[in-house]
Every structure is written in structure tokens, then in C-alpha cells.
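As the structure lists them, so they are numbered: ligands from 1, and atoms in each ligand from 1. Numbers for residues simply follow the sequence, beginning at 1.
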Amino acid sequence: MDRIRIRGGKRLEGTIPISGAKNASLPLMAAGLLTEDTLSLSNLPHLADIVTMANLLVQHGVSMEMNGHAEGGHGGRVISLSAANITNTQAPYDLVRKMRASVLVLGPLLARCGEAVVSLPGGCAIGTRPVDLHLKGLEALGVEIELEEGYIKAHAPNGLKGAHVVFPMVSVGATENLMMAASLAEGETVLTNAAREPEVSDLAHCLVAMGAQIEGIGSDTLTITGVPRLGGAIYSVVPDRIETGTYAMAVAITGGEVELTGTRMDLIESVTEVLLRAGLEMSETESGVLVRRSGDRVKGVDVMTEPFPGFPTDLQAQMMAVMSCAEGASMITETIFENRFMHVPELSRMGANVHVHGASAIVRGSPHLTGAEVMATDLRASVSLVLAGLAAEGETIINRVYHLDRGYERLEEKLAACGADITRLKD
Ligand code: EPZ
């Protein structure tokens, strides 16, 4: 298995192109199931999760063509999906187990075919992550659901009917599944307490480009008036705000100056607010966001994760790495997932001083972390170790690089281009 070796202590100087968002691309690809026409998505990142979603769609009968390549910056790849003939409405355990976002085919398959059998995703490293909100919402739209042998067996004998769905808590995936299903339902669906993440809005805008009628995009109330059919569209994936935040934090931890191109400041307002308080300089440029740390270490700040527009849980681990090297103490509170501090023991092995109390962690910054051989259990935890390695004295080896390949396109290349001493060791 590949590993990444980092020799820490280098400041970052240069430009990093930000890719299209993984968490927007996955639902957008699933939306390809909603039409018999071609949906073309550009600015698609080249990631393992995208390949998993492509494999899932192919086994449903979707034909696809991938053009362009990501090297050389954003603009990225273009995928054209054509679901003229859906030949199979089953999403097997083997694919769903690899990637929870596979459950996003449920809504589109039900809307197009009136039936779907999708494996239950099960828990994962960051929490139990049930899909009950997806299922309750679909039931409100007239879907009959049975859970049997680890599978969600769903069918809509009388088609999908619009309904008022009130989510008891904010769920990105449930909002996306329901929005896709409701786009082809009969009548009006209102989703109350809907997720407002930019990836949800990106999906809504793409659905509108395909002919859907959706009002309230970007708010917590989405009103969807079903249409009998959706058509094809050409759509560009929103920049990855988590990748943007991750590289901004890389500068916060190493110092230096990096322009993050192909991204937007409005996608990361809550993150910018926290990083500015910590002493980082950030400004909007014509092509993206400029990040600079001219002074010494950043300062400790308190952070709590929340649904958008709050501070994203997907940047919590990276923020902890930054705070581990900050001046003073900080408190990091995780409110979205119950088990998302798996990076703490590994950061501690690198010299971080972190104490977890329930959903909060007290981080006491230290001037020096030290390199170590580490591994992590999920994508964001892994990249937090990369950030720590960039700042640490000596050599850090990151194992289980496949986690990083799920969500960061050409990570080591992008960082090395800015002066980091980082290499992938092939086995
Ligand atoms: C999306 O996951 C992202 N994944 C996650 O990105 C992200 O961490 C998460 O949203 C929160 O922002 C994709 O977009 C593909 P949720 P999702 O439904 O949709 C609970 C990454 O690193 N819940 O908003 O699965 C759930 O357990 C990742 O890229 C229920 O209880 O997240 C969690 O505590 C990992 N029942 C909370 O809601 C449900 O039916 C929010 O989850 C659904 C969710």
C-alpha cells in the first residue's frame, strides 16, 4: 500500500488549484439517473469516490464517457452520463459498503423506475450514520419500504406524490435524496429544515438546469413542484470548499503565502472568520483566495462544528492540527458526528496536547510537533496528519493513503509545487 512521506518545516509559497467538490459531484452523478437524456458534468475531480460512484451507475445501466484530465489545474474532467435504459435497480452491498454516498441513488431510482433495492450503508469510522431521515422522507412521498437482509427494499406502487417533509435534524444526504425524488413526483413537496450546504444548492441548480422547479435554493425551506420528466444539461461542479479550507489551514500551520485558485471566498465564510481570528490573512483575488501567514504561529481560537453556514465538520480534524501548533489553548466542539475525534491519538503521537471531554477537545498549542509514522481511519483525519507533518520536525510517514485518494486530488503534487517536502512512496 502507498504511503506518504513528509519532511516538515517548509513554508508554503505558490499557487494551488482547487478542484471541483467531491461532495457535490457524487449527488450530481446520481442525478444522471433522473433523465433519459445526457447529463454532462465538468470540473469533476479525479478521485477514488468518483470512480466508485461511476461503477455503481454503470451497473444500473448508465453509459458514460469521461473526457479531459485534471492535470494542469481546474476545469478538470467532464463526465457525460446517459441513463436512457436503467437495466438494474439494485445497489449491492459491495459498492455501498465502500462509499455511503451510494445511498443517493435511492431517490432517483424510485423517481425514474418506481422501485429500488439499495444496501443499508451501516456505520463507519466517524459515527453510526443512519439513513432513517432519507427513508421517512421517501415514505411521506408514498414509497413503501421494507428493511430485509441488510437491504432497503423500496417501491412506489402509485408513483411518488408531493408532501410536506419536516426534517427533525439537518441532513445533507436526506435533503439531496428527497429533492431528487420530489423533482419527478406528482405535485408539490416542501422540505423544511433542509440542509443549506453549497453542495445541496449545487445539486438544486443542476436539477433546475435539467427542468426541475425548485424554489428557496440556499435556504432551509425548499419547495419542489414535480414535473413529468427531466432533460439533459451541461453543468459545472462547484469548487471544493473543504479542499479550499484544508489548504488555507496548511498555510496557517506552515506559514508562507499561497493563492488558492478556482475557488470562492463565499463558500468558506465561517472558516475564514475563524482563521482571521487566529491571525491568518485571507483576501479574495480575481482567481480565488489569497492566504498568508507572515508572522509567527497562529493563535488558539474556539471552534464548534455546525451545519452550513456554520463551521464544517469536514474541517474539524484539520483545524485541530492547526490548533496543536498554535499559541495558547483552544476548544474544538464536534456537534455533527459522535465519533469524529479518531485523529486525536495519532496527533498526540506527534506531540499534540489534546484532551477530549465528550464532544469537546481542549487543545493546548505547542511550538513543536515531531514527525512520526501515523495512520488514520478516515479522509479528513488522514489529511489532518498531513498538515501536522508539514509543520513537524523530522519525518512523518502517513499510512493508508487510500483514504486521502478518496477526497484529495493530487494532494502531494499540489503541496510539493508550493515547496513542501512531500513524496508518495509506492509499494
Ligand atoms: C455529508 O454526509 C457529507 N458527505 C459528509 O462528508 C459530511 O461530513 C456530512 O454531510 C456533514 O456535513 C457527502 O456529501 C457525500 P448528514 P451525510 O446526513 O449526508 C445524522 C467527508 O469527509 N443522520 O448531513 O451522510 C448523521 O448520523 C464526509 O467528505 C441521521 O441521524 O451527512 C449525522 O450525525 C464524511 N439520520 C448528521 O445527521 C439520517 O437519516 C448529519 O449527517 C441522516 C443523517
Would you say the side-chain atoms of Arg241 pair up with the backbone N or O of Leu267, donor to acceptor, closer than 3.5 Å?
no
Which residue and non-hydrogen atom of the protein lie closest to atom 36 (N) of ligand 1, and at what distance in Å?
Asp132 OD1, 2.7 Å
If we only count heavy atoms from C-beta on, is the Leu207 to Leu34 side-chain gap below 4.5 Å?
yes
Mind checking the CG-OG1 spacing from Leu47 to Thr52? Nearest 0.5 Å is all I need.
10.0 Å
Quick check on contacts: which atoms of ligand 1 are under 4.0 angstrom from a heavy atom of Val131?
39 (C), 40 (O)
Any Tyr247 side-chain heavy atom under 4.5 Å of Leu411 side chain:
yes
Could you tell me whether a side-chain N or O of Gln318 sits under 3.5 Å from a main-chain N or O of Asp314, the two making a donor and an acceptor?
yes
Under 3.5 Å between some N or O of ligand 1 and some N or O of Leu133?
yes
Any side-chain heavy-atom pair from Tyr408 and Thr246 closer than 4.5 angstrom?
yes
Got the closest protein heavy atom to atom 37 (C) of ligand 1, with its distance?
Met169 CE, 3.8 Å
Does Arg380 approach ligand 1 within less than 4.0 angstrom via side chain, backbone, both or neither, non-hydrogen atoms only?
side chain
Is it the case that the side chain of Thr335 and the backbone of Thr305 share a donor-acceptor pair, with hydrogens and angles ignored and the cut-off at 3.5 Å?
yes
Within the 4.5 Å heavy-atom criterion, are Gln59 and Asn88 side-chain neighbours or not?
yes
Validation row: Val386, Ile422 side chains within 4.5 angstrom (heavy atoms)
yes
When distances are taken from atom 18 (O) of ligand 1, the protein heavy atom at minimum range is Ser171 OG, 2.6 Å
The protein heavy atom nearest to atom 35 (C) of ligand 1 is Arg340 NH2, 3.7 Å
Among all protein heavy atoms, pick the one closest to atom 26 (C) of ligand 1 and tell me residue, atom and distance.
Phe337 CE2, 4.1 Å
Using side-chain contact (heavy atoms from CB on, under 4.5 Å) as the criterion, point out the one residue from Glu412, Arg5, Arg410 that pairs with Arg424.
Glu412
Could a heavy atom of His134 be found less than 4.0 Å from some atom of ligand 1?
yes
Atom indices of ligand 1, in the order listed, that fall short of 4.0 Å to a heavy atom of Thr313
8 (O), 11 (C), 12 (O)
Using modelled atom types and a 3.5 Å cut-off, is there a donor and acceptor pairing between side-chain atoms of Glu346 and backbone atoms of Val374?
no
Val172, Asn177, Leu315, Asp240: member with heavy atom nearest to atom 10 (O) of ligand 1
Val172
Below 4.0 Å, non-hydrogen atoms only: which portion of Ile336 touches ligand 1? Side chain, backbone, both or neither.
both
Among Met99, Lys136, Arg129, Glu334, closest by any non-hydrogen atom to atom 27 (O) of ligand 1:
Arg129
Can you tell me which residue and heavy atom of the protein come closest to atom 15 (C) of ligand 1, and the distance to 0.1 Å?
Asn23 OD1, 3.3 Å
Decide whether the shortest distance between a heavy atom of Arg100 and an atom of ligand 1 is less than 4.0 Å.
no
Return the closest protein heavy atom for atom 8 (O) of ligand 1 as residue, atom name and distance.
Asp314 OD1, 2.6 Å
Leu33 versus Leu109: any side-chain heavy-atom pair under 4.5 Å?
yes
Which atoms of ligand 1 have any heavy atom of Gly173 under 4.0 Å away?
18 (O), 19 (O)
4.0 Å heavy-atom contact, Lys22 with ligand 1
yes
Polar proximity ligand 1 side, Glu338 side, N/O cut 3.5 Å exclusive
no
Would you say Pro130 contacts ligand 1, with heavy atoms under 4.0 Å as the rule?
yes
